[in-house]
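All remarks here apply to the structure that follows.
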Amino acid sequence: MEEWQRLLVEGVNSVQKLKERFPEIDERKLQAIARKYPIRINHYYLGLIQELGDPIARQVIPEEEEITDISCFEDALNEEGDSPVPGLTHRYPDRALFYVNYQCAIYCRYCTRKRKVGDPASISRANIQKGLDYIRSHTELRDIVLSGGDPLLLKDEQLDEIVGALRAIPHVEIIRIGTRIPSVLPQRVTQGLCDTLKKHHPIYLMVHFSHPRELTAESKRACDLLADNGFPMMNQTVLLRGINDDPQVLKELFVGLLRLRVKPYYLFQADQVEGAGHFRTNLAKGLDVMKGLRGHTSGLAVPYYVIDAPGGGGKIPILPEYLIKCDEKEAVMRNYEGKIYRYDFPTKEVAWESSSRSPF
Ligand SMILES: *Cc1c(COP(=O)(O)O)cnc(C)c1O
Ligand code: SF4
């Protein structure tokens with residue numbers, strides 16, 4: 001057994017085991033939740049928890065609101081409505097999500113797909129074939145995002161087969177793999193995994209860090225290895241109430257990710273997912289985070305803040321109000337320090353004059 005497999009097996013995957021580690025939990029209440037939404041905290045991630053209620057613990061230890069919250073939707077983004085074949089969501093013109101595995105290295109309590117993840121019935125070969133056939137017959141699909149669950153929990157040989165089949169499709173240019181592995185089970189990133197995947201480049205990894213405490217020596221080793229093997233890495237973070245909804249915390253995370261050669265890509269407003277409503281914030285929180293980034297730190301560290309529109313409208317970017325006024329003559333803008341600036345647009349005469357002065 002490899003180290004990462006041992007960490008998975010030795011982790012907490014039942015309320016009983018959780019109680020052994022944290023005697024203060026209410027076993028009866030958590031049993032009711034675990035019957036609906038599975039628990040998994042692998043041994044590595046368990047080691048990052050300092051105490052109950054801390055930002056690591058809250059991502060993986062169930063809270064009562066998970067089954068009392070009825071304000072949201074099971075499939076908030078209507079991913080199944082946009083599924084032409086089971087296990088594939090085709091919403092945008094040239095790209096699709098392809099679900100290849102519903103297991104994860106931890107089960108995040110806020111997961112948008114909590115209705116599905118941890119389903120013991122893993123995805124059948126037949127379904128994966130149907131997904132591949134769909135992609136083959138839709139020549140407009142040039143970008144495929146492998147998702148789940150966590151694709152990197154599959155064995156190297158299974159990944160080789162699926163990614164190899166995608167790479168053999170002439171119109172598939174980009175393959176992305178959505179994964180929490182570098183932040184929650186970095187031991188899974190081995191040279192063997194890199195060798196398997198790099199044969200099929202270009203492959204981007206869409207990683208998912210939630211908190212600066214996940215930036216450990218182990219996760220750095222994993223990201224260094226991935227970067228050295230040519231995988232560009234983009235990070236997606238969900239804005240989580242009481243966990244990371246603080247401009248200082250997210251700035252530390254995003255700047256820290258750059259040191260790991262990971263580009264902060266999306267900051268998501270938490271989806272309206274049943275059982276995860278207690279993690280949601282208002283928009284002002286996210287805007288505060290964004291205002292604290294632009295101008296104050298490297299532009300590289302600034303992600304897009306987006307709301308994935310309920311019902312399947314897709315990702316919509318949200319920006320603080322930098323543009324105060326704009327008409328034919330001028331744009332009036334606010335900079336990151338709150339100072340006001342004006343930009344005058346060229347009038348027709350000015351444009352003509354400057355071109356007549358041109359040496360060409
Ligand atoms: C997020 C998402 C994608 C990828 O979107 P990008 O903005 O290109 O990263 C593709 N399909 C679906 C259904 C998605 O939710
Ligand atoms: S790793 Fe991703 S898919 Fe798995 S539970 Fe966490 S958020 Fe959901």
Side-chain angles (χ1 to χ4, degrees), residues 33 37 48-49 51-79 106-115 117 178 180 183-184 206-215 234-257 264-297 301-322 336 338:
I33 300 170
Y37 304 117
L48 300 187
I49 298 177
E51 57 183 350
L52 278 183
D54 77 18
I56 302 295
R58 289 202 55 224
Q59 293 184 59
V60 286
I61 297 181
E63 287 165 18
E64 210 182 336
E65 288 96 324
E66 283 188 41
I67 44 172
T68 52
D69 161 38
I70 48 158
S71 63
C72 297
F73 316 101
E74 215 188 344
D75 179 7
L77 308 179
N78 192 31
E79 290 179 327
I106 60 170
Y107 291 123
C108 311
R109 308 322 295 175
Y110 56 84
C111 180
T112 290
R113 293 200 196 107
K114 64 190 292 169
R115 68 185 189 281
V117 294
R180 262 213 95 169
S183 57
V184 304
M206 314 305 285
V207 304
H208 169 176
F209 283 76
S210 297
H211 195 276
R213 270 174 47 193
E214 295 168 354
L215 301 169
M234 304 286 148
N235 180 69
Q236 317 197 129
T237 293
V238 183
L239 184 63
L240 298 167
R241 182 150 72 95
I243 294 178
N244 63 16
D245 59 341
D246 175 317
Q248 280 313 314
V249 169
L250 284 181
K251 187 169 159 188
E252 188 185 337
L253 175 65
F254 296 152
V255 169
L257 284 167
Y265 178 54
Y266 280 137
L267 174 65
F268 287 106
Q269 179 73 11
D271 292 326
Q272 291 181 61
V273 173
E274 192 177 296
H278 52 300
F279 290 111
R280 300 198 299 135
T281 67
N282 58 25
L283 202 74
K285 272 278 182 201
L287 287 173
D288 268 355
V289 169
M290 296 308 292
K291 279 186 220 153
L293 293 171
R294 173 63 63 197
H296 298 279
T297 190
V302 186
Y304 294 102
Y305 174 37
V306 296
I307 300 186
D308 217 333
K315 298 174 183 74
I316 300 175
I318 309 289
L319 262 183
E321 289 285 347
Y322 292 114
Y336 75 103

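What you see below is based on every heavy atom in this structure, not just the backbone, and it leaves out hydrogens, waters and symmetry mates.
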Practice task
Using the test salt bridge (Lys or Arg N to Asp or Glu O under 4.0 Å), find all partners of Glu66 that sit at least two apart in sequence or belong to another chain.
Solution key: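 By the salt bridge (Lys or Arg N to Asp or Glu O under 4.0 Å) rule, Glu66 matches Arg109, Lys114.
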Quick check for you: to the nearest 0.5 Å, what is the distance between [X] atom [atom1] and [Y] atom [atom2]?
X: His211; Y: Leu250; atom1: NE2; atom2: CG; answer: 8.5 Å
X: Met206; Y: Gln236; atom1: CE; atom2: CD; answer: 4.5 Å
X: Arg280; Y: Tyr110; atom1: CZ; atom2: OH; answer: 16.0 Å
X: Phe268; Y: Thr237; atom1: CZ; atom2: OG1; answer: 9.0 Å
X: Ile61; Y: Ile106; atom1: CD1; atom2: CD1; answer: 11.0 Å

Handout entry: Atom CD of Glu65: over 12 foreign heavy atoms under 6.0 Å
Key =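 Count over threshold, so yes.
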Problem - Evaluation steps, side chain to side chain contact (heavy atoms under 4.5 Å, CB included), between Phe254 and Asn235 - result: CA-CA 9 Å; Phe254 296 152; Asn235 180 69; 4.2 Å; yes
Looking only at heavy atoms, what is the nearest atom pair of [X] and [Y], with distance?
X: Leu77; Y: Ala309; value: CD2-O, 4.0 Å
X: Glu214; Y: Leu48; value: CA-CD1, 4.4 Å
X: Ile33; Y: Pro62; value: CG2-CB, 3.8 Å
X: Arg294; Y: Tyr336; value: O-CB, 3.3 Å
X: Cys111; Y: Val117; value: SG-CG1, 4.1 Å
X: Val238; Y: Leu267; value: C-CD1, 4.5 Å

Exercise for the section: Enumerate the residue pairs fulfilling side-chain hydrogen bond (donor to acceptor under 3.5 Å, both in side chains) with a member in residues 243-253, sequence neighbours excluded, ordered by first and then second residue. Expected result: none
Handout entry: Residue list, side chain to side chain donor-acceptor pair (under 3.5 Å) with Asp69, at least two apart or on another chain
Key =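 Partners of Asp69 by the side chain to side chain donor-acceptor pair (under 3.5 Å) criterion, ordered by chain and then number, come out as Ser71.
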Output side-chain donor-acceptor pairs under 3.5 Å for residues 282-292, partner residues at least two apart or in another chain, one line each.
unit_1	atom_1	unit_2	atom_2	d
Asn282	OD1	Ala284	N	3.4
Asn282	OD1	Lys285	N	3.1

Problem - Residues that Tyr304 engages under side chain to side chain contact (heavy atoms under 4.5 Å, CB included), provided they are two or more places apart - result: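 Listed in chain order: Tyr266, Val306.
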Distance-only donor-acceptor pairs under 3.5 Å for side chains of residues 269-278, two or more places apart:
unit_1	atom_1	unit_2	atom_2	d
Gln269	OE1	Tyr305	OH	2.6
Gln269	NE2	Thr281	O	2.9
Asp271	OD2	Thr112	OG1	2.7
Glu274	OE2	Lys36	NZ	3.3

Exercise for the section: May I ask you to decide if Arg241's main-chain N or O and Arg58's side chain share a donor-acceptor pair within less than 3.5 Å? Expected result: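 Indeed, once roles are kept as given, a pair shorter than 3.5 Å links the two residues.
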Practice task
Evaluate side chain to side chain contact (heavy atoms under 4.5 Å, CB included) for Ile49 paired with Val60, printing each intermediate quantity in order.
Solution key: CA-CA 10 Å; Ile49 298 177; Val60 286; 4.2 Å; yes
